[in-house]
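Below, all heavy atoms of this structure are taken into account, side chains as well, without hydrogens, waters or symmetry copies. Since this is a predicted model, take the numbers as computed values, not measurements.
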Amino acid sequence: MTEQEFSRQVWRMYDQITTADGVKGKVLQVAFNTKSVRAYISGSPEWVKCELIESHTTGKGADGDDSAIIEELHNKVLSQAERIGKLEEERRLLQEKISRNYLGELLRAVNVMQQGLQERKHKIQQVENGLAAISAVIDKMNNSEE
């Protein structure tokens with residue numbers, strides 16, 4: 001790792017490094033003035049110069065380079081923006097549902113039912129009047145035969 005690459009890295013405790021020999025270690029301290037890292041390697045802490053560091057990863061295994069971290073954060077922001085957009089759309093749809101006039105619709109339904117009942121009553125009244133007229137005619141026929 002060059003000095004410039006060393007400076008671009010985001011160093012934290014417990015990050016992992018791999019030396020040029022392929023030995024892995026955990027970062028304990030960073031000295032930017034001497035461009036070296038104090039790492040726990042092979043059971044004891046020791047200082048490792050930046051030229052001897054082959055790779056650097058975060059404690060979670062991600063790339064330790066600042067541009068990679070920025071790109072990862074950018075991707076997170078984009079995914080969160082997409083999620084926010086979906087949630088805003090869902091909120092808008094829910095507000096539309098709430099703003100509908102359900103009371104007006106219920107009133108219309110009651111009025112339609114009331115009109116239907118009035119029509120039925122009228123038809124039943126007509127049938128009863130027809131039956132009454134038939135009964136009256138039958139009674140007259142019976143009275144005239146006698």
**Prompt:** Of all residues at least two apart in sequence or in a different chain, which pass the salt bridge (charged side-chain N to carboxylate O under 4.0 Å, His left out) check with Lys140?
**Reply:** none
**Asked** Which distance, rounded to the nearest 0.5 Å, do you find between the CG of Leu52 and the CD of Glu46?
**Response** 9.5 Å
**Request:** Can you tell me which residue pairs pass the salt bridge (Lys or Arg N to Asp or Glu O under 4.0 Å) test with a partner in residues 77-89, sequence neighbours excluded?
**Result:** Glu82-Lys86, Glu89-Arg92
**Request:** Hey, can you tell me if Trp11 and His56 have their rings parallel, tilted or perpendicular (30° and 60° cut-offs)?
**Result:** parallel
**Fill in**
With sequence neighbours left out, the residues meeting side chain to side chain contact (heavy atoms under 4.5 Å, CB included) with Gln95 are Arg91
**Asked** Given a cutoff of under 4.5 Å between side-chain heavy atoms of I, L, V, M, F, W and Y, with clusters grown through shared members, what are the other residues clustered with Leu131?
**Response** Val127
**Request:** Examine the side chains of His122 and Gln118 and answer whether a donor and an acceptor come within less than 3.5 Å of each other.
**Result:** no
**Prompt:** Can you list the residues that meet the side chain to side chain contact (heavy atoms under 4.5 Å, CB included) rule with Asn111, with sequence neighbours excluded?
**Reply:** Gln114
**Prompt:** Excluding sequence neighbours, so at least two apart, what forms side chain to side chain contact (heavy atoms under 4.5 Å, CB included) with Glu90?
**Reply:** Leu87, Leu94
**Request:** Starting at CG of Asn75, measure out to CD1 of Ile70 and round the result to the nearest 0.5 Å.
**Result:** 12.0 Å
**Asked** Which heavy-atom pair separates Asp15 from Thr57 by the least distance, and what is that distance?
**Response** CB-O, 3.4 Å
List, one per line, each side-chain donor-acceptor pair under 3.5 Å for residues 24-37, sequence neighbours excluded.
residue: Thr34; atom: OG1; partner: Ser36; partner atom: OG; Å: 2.7
residue: Lys35; atom: NZ; partner: Phe32; partner atom: O; Å: 3.3

**Request:** Report the hydrophobic cluster partners of Ile138, with the cluster defined as I, L, V, M, F, W, Y residues connected by side-chain heavy atoms closer than 4.5 angstrom, directly or transitively.
**Result:** Ile134
**Request:** May I ask you to check whether over 12 heavy atoms, not counting those of Gln4, lie within 6.0 Å of atom CD?
**Result:** no
**Complete:** Connected to Leu107, directly or through other members, by ILVMFWY side-chain contacts below 4.5 Å are none
**Request:** List, by chain and number, the other hydrophobic cluster members for Met113, where Ile, Leu, Val, Met, Phe, Trp and Tyr join if side-chain heavy atoms come within less than 4.5 Å, directly or indirectly.
**Result:** none
**Asked** side chain to side chain contact (heavy atoms under 4.5 Å, CB included) with Glu54: which residues, sequence neighbours excluded?
**Response** none
**Asked** According to the salt bridge (Lys or Arg N to Asp or Glu O under 4.0 Å) rule, which pairs have a member within residues 118-136, sequence neighbours left out?
**Response** none
